[in-house]
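Structure below; questions to follow.
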Amino acid sequence: MSEEEVPGHLQGLNPEQHDAVTTLEGALLVLAGAGSGKTRVLTRRIAHLLHTGVDPERILAVTFTNKAAQEMKERVQELVGEPGKKVWVSTFHSTCGRILRKDIEPLGWSTRFSIYDDDDQARIIRQILKDLGYDPKEVPPKSILSRIDGHKNRGETLADLRRLHRVSPGDALLRVWGLYDEALRAADALDFNDLIGHTLRLFREHPEVAEQWSERFAYVLVDEYQDTNSVQYQLLRILTQTHGNLAVVGDDDQSIYGFRGADPDIIRRFKADHPQHKMIAMEQNYRSSANILTVANFVVEQNSVRERKTLRTAAAPGPVVRLLVEETPFEEAEKVADLVERLHRRKDLAYGKMAIIYRTNATSRLFEAALARRQVPHRVVGGRKFYERREVRDMLAYLRLIVNPADDAAFLRVVNVPSRGIGTKTVSELREAAATRGEPLLASAKGTALGETVRDKAMRGFVGLIEEATSLASELEPVALLAHLLEATGYREMVEEENEASRKESLEALAQDAQGAERIGDTHGPLDRLQRWLDQTALAGQDEEIPDGGQVALMTVHNAKGLEYPVVFVVQMVEDQFPHAKSKESKASIEEERRLAYVAFTRAMERLYITRARRKALGFGERFGKGKGKRATEEPALASRFIHVLPPEACKGDVPQVVTEDPAKTRLESLRGFLRGRAEVEAQPSSLESLDPLEVHTLRELESLEQLQEGVRVVHPAHGVGTIQRVDIEGTLPRICLSFGGERARWVPVAQSRLKVVVE
DNA sequence: CTCTCAATGGTTTTT
DNA sequence: CCATTGAGAG
């Protein structure tokens, strides 16, 4: 075949990529390491499906973030043009939302259902706790909420909880969860997890509906499959039951959504689940220079649970990875900002080619400020913030109440915003009335506030407002309706009086966003467009472009997944921040944190900087209370365990060698840092050959390594069985002195050997 | 009963 | 910096 005859979408692929793009039928597992061309394979694959004549509407591509969905959509359209628009490319949540907007009725919801975000959820939970007489200090609504979410993410029901779990009978969760679900049902609302969970239930309880959808989607593709949770997994099984064409792409080393129930075992189990599967491993990295990969691989190899693989690269070593340490977080930010500026000036590097990546959102402020002081253009990616602004949520709540009059969370949110004389007392009486009448709050308000008291009049005023807007909703486009509401509710006036520029700006931005609603295709009338726009606001976040022009990007590791930048700064690489303090309890969550570090490092293409400070940043209270100063406490910050003893050949700068506060433990910890991923430890092996590299257990490991310090037998790949004479971890290269039978003892560098340790 | 202001408590990641 | 709660005035 001559060059011209190969279609464009198949050009420039390596053999594995080509295979992954063209294997269309059946179950396909693509294990795609970081930077191995994953997105490329997915988009080309869609193009190839269309090329072979598959109807675009019969292709479903699921991603985990909106950013990824948006990007994939764009790239598919670049490849194939117009037909690309008809392919379903969306997140799990949006996909389920779309399915339910059509077919939810058998479950007892209307197709006008509302989608509750965590704020609405918390509002409902708080009310329930109040009704039940719990003290919010003893039973924090947020914790109940996160537990409910946690269970839903794992596909567990309240009934399961009662039956199987060791929850104390007095646990508030048992009472609250049921009431919470009832409240949502009554409000014709679903929370994020319900979108997925109810779709699954719909498919289970109404197989005919499941059949229609699985018949429709002839080809299903899933990106970031390692982040699938069990509910999503079951849903996929049903969606592919008719055609069985399921292609999943993922990398267990990049599983970073454990808190959402993501279970990397699902990807590890794919082979067992699909006996007829085909597997393709893409381990060739095209993104990063060799030194960056050396460091990233070193870090992730220390995880005990993972598929064995190592990314290869043909790239040059490139600059070494730089580790920088400053005294305070403030100075760290200054340093990074200086470097950004210098790279821009001296190396003529566009600001858009640099990114600052951190573990938690709160970190951004420090770095934003440092960049702003130097007038370096920058942008914080992760625009969730916009829809979280109070004024934006308020106006959206008004709109939701119009689409779904049963939406009690929306009602509660805006009934007295701006204040119109409807206080807590009135509201709680209304809630009681509504409960006895079995009605939503809005309907109940209409039915009960009939008198001439001040209260009743105020309530009637609010109801009238909503009714008027509701009647307009079928004629006015979302923007116009929003404008009407801003005036009619007095919200505009309230904001004017406050004279807060930023609040006015967010309302402007919201109007701008509403304008976009008119472009939503395939809709019937303004109300339908309003509905679809509200879905977008709930599920998608603002139209966020990834800054590529001239702005330095700042974002969390989670937001950075899937992106790449020539220069990356991974900042605040200290214990309690990265890994985060809240993730330190279990080995599994530490391993997830380590994967996060891996994801962060592998974003870098040419230069990677890893920075930290010797002291901790101030906490909330201290930060806002006192003056600006140095913005640090006296508390020492320890270097992250993830950057300990990084391979010296690939790094330069301050590579920490010490792990713990306790000097007595330091030697052991430090040694363990080296040995993780480099030595395999097994307790009491039946024979030397039977040593299974995956059999490493926390406690045993600790015990073993303690013993390792003297006289332990070790299997060295080159020299056979030896005995440890001495251990030297003081220098930059830790060494073990081994004696092999009659031979003279020799020093072996731990970092360069794959040792198996025999514990007797 | 409602409104305003001051005090309080909260520090992970996202759909 | 946020959202929520409590005290006291209107």
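Given the structure is predicted, the values throughout are model-derived calculations rather than measurements. In what follows, chains are A, B, ... by sequence order, proteins preceding strands, each numbered from 1.
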Assign A/Phe92 to base, sugar-phosphate, or nothing according to its heavy-atom contacts below 4.0 angstrom with the strands shown.
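Contact class for A/Phe92: none.
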Regarding A/Asp191 and A/Tyr180, do their side chains bring together a donor and an acceptor under 3.5 Å, going by distance alone?
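The criterion, which ignores hydrogens and geometry beyond distance, is satisfied for A/Tyr180 and A/Asp191.
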Please give, in whole Å, the distance from C/dC1 P to A/Arg365 CZ?
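Rounded to whole Å, this separation is 7 Å.
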Separation of A/Gln70 atom CD from B/dT14 atom P, in whole Å?
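Whole-Å distance recorded here is 17 Å.
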Enumerate the protein-to-nucleotides 4-8 of chain C contacts in which both atoms are nitrogen or oxygen and the separation is below 3.5 Å.
from	atom 1	to	atom 2	distance (Å)
C/dT4	OP1	A/Arg126	NH1	2.8
C/dT4	OP1	A/Arg126	NH2	2.9

Look at the side-chain N and O atoms of A/Arg390 and state whether any lies under 4.0 Å from the OP1 or OP2 oxygen of C/dA3.
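Result: yes.
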Restricting to side-chain contact (heavy atoms from CB on, under 4.5 Å), what partner residues turn up for A/Glu497, sequence neighbours left out?
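Per chain and number, A/Glu497 pairs via side-chain contact (heavy atoms from CB on, under 4.5 Å) with A/Glu493.
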Polar contact flag, side-chain donor to acceptor under 3.5 angstrom, A/Thr328-A/Glu331
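Checked: A/Thr328/A/Glu331 side chains pair up, N/O donor to acceptor below 3.5 Å.
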Would you mind reading off the distance between A/Arg595 atom CZ and B/dT12 atom P, rounded to a whole angstrom?
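Checked: the CZ to P distance equals 20 Å.
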How long is the line joining CG of A/Asp118 and C1' of C/dC2, in whole Å?
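Those two atoms, CG and C1', are 13 Å apart.
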I need the full list of salt bridge (Lys or Arg N to Asp or Glu O under 4.0 Å) pairs touching residues 407-417 of chain A, with sequence neighbours left out, sorted by first then second residue.
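Passing the test, one end in residues 407-417 of chain A: A/Asp119-A/Arg413, A/Asp394-A/Arg413, A/Arg400-A/Asp407.
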Rounded distance in Å - CG (A/Asn361) to P (C/dC2):
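Taking CG of A/Asn361 and P of C/dC2, I get 14 Å after rounding.
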Base contacts versus sugar-phosphate-only contacts with protein, heavy atoms under 4.0 Å: please encode nucleotides 1-7 of chain B as B, S and - from 5' to 3'.
SSS----
Answer with yes or no whether the side chains of A/Tyr257 and A/Glu592 bring together a donor and an acceptor at under 3.5 Å.
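Distance-only check fails for A/Glu592 and A/Tyr257.
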Among B/dT15, B/dT14, B/dT13, which nucleotide sits nearest the side chain of A/Tyr257?
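Taking heavy atoms from C-beta onward, the closest nucleotide is B/dT14.
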Any salt bridge between A/Arg492 and A/Glu391, counting N to O under 4.0 Å?
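Salt bridge flag = no for A/Glu391 with A/Arg492.
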Considering residues at least two apart in sequence or located in another chain, which fulfil the side chain to side chain donor-acceptor pair (under 3.5 Å) criterion with A/Tyr134?
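Here the qualifying residues are A/Arg175.
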Side-chain-base donor-acceptor pair under 3.5 Å for A/His580 and B/dT12:
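No pair found.
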For a quick test of reading the model: is some side-chain N or O of A/Asn193 closer than 4.0 Å to OP1 or OP2 of B/dT15?
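It does not, given that no N or O in the side chain of A/Asn193 lies less than 4.0 Å from OP1 or OP2 of B/dT15.
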Aromatic ring of A/Phe259 stacked on base six-ring of B/dT13, 5.5 Å, 30°:
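The ring of A/Phe259 is stacked on B/dT13.
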In whole angstroms, how far is the C1' atom of B/dT13 from the CG atom of A/Asn153?
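In whole Å, B/dT13 C1' and A/Asn153 CG are 13 Å from each other.
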What is the distance, to the nearest angstrom, from the CZ atom on A/Arg260 to the C1' atom on B/dT14?
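Rounding to the nearest Å, CZ of A/Arg260 and C1' of B/dT14 are 5 Å apart.
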Rounded to whole angstroms, how far apart are CG on A/Asp576 and P on B/dT11?
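Result: 15 Å.
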Want to settle it: does A/Thr360 or A/Phe64 sit nearer the 5' end of DNA chain B, counting the closest nucleotide to each?
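On the 5' side of the pair lies A/Thr360.
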Is the number of heavy atoms from other residues, nucleotides or ligands under 6.0 Å of A/Lys142 NZ greater than 12?
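At most 12 heavy atoms, drawn from other residues, nucleotides or ligands, come within 6.0 Å of this atom.
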Answer yes or no: is there an ion pair linking A/Lys561 with A/Asp227, defined by an N-O contact shorter than 4.0 Å?
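A/Asp227 and A/Lys561: salt-bridged.
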Tell me, please, which residues at least two apart from A/Asn361 pass side-chain contact (heavy atoms from CB on, under 4.5 Å).
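If we apply the side-chain contact (heavy atoms from CB on, under 4.5 Å) test to A/Asn361, skipping adjacent residues, the hits are A/Lys385, A/Thr556.
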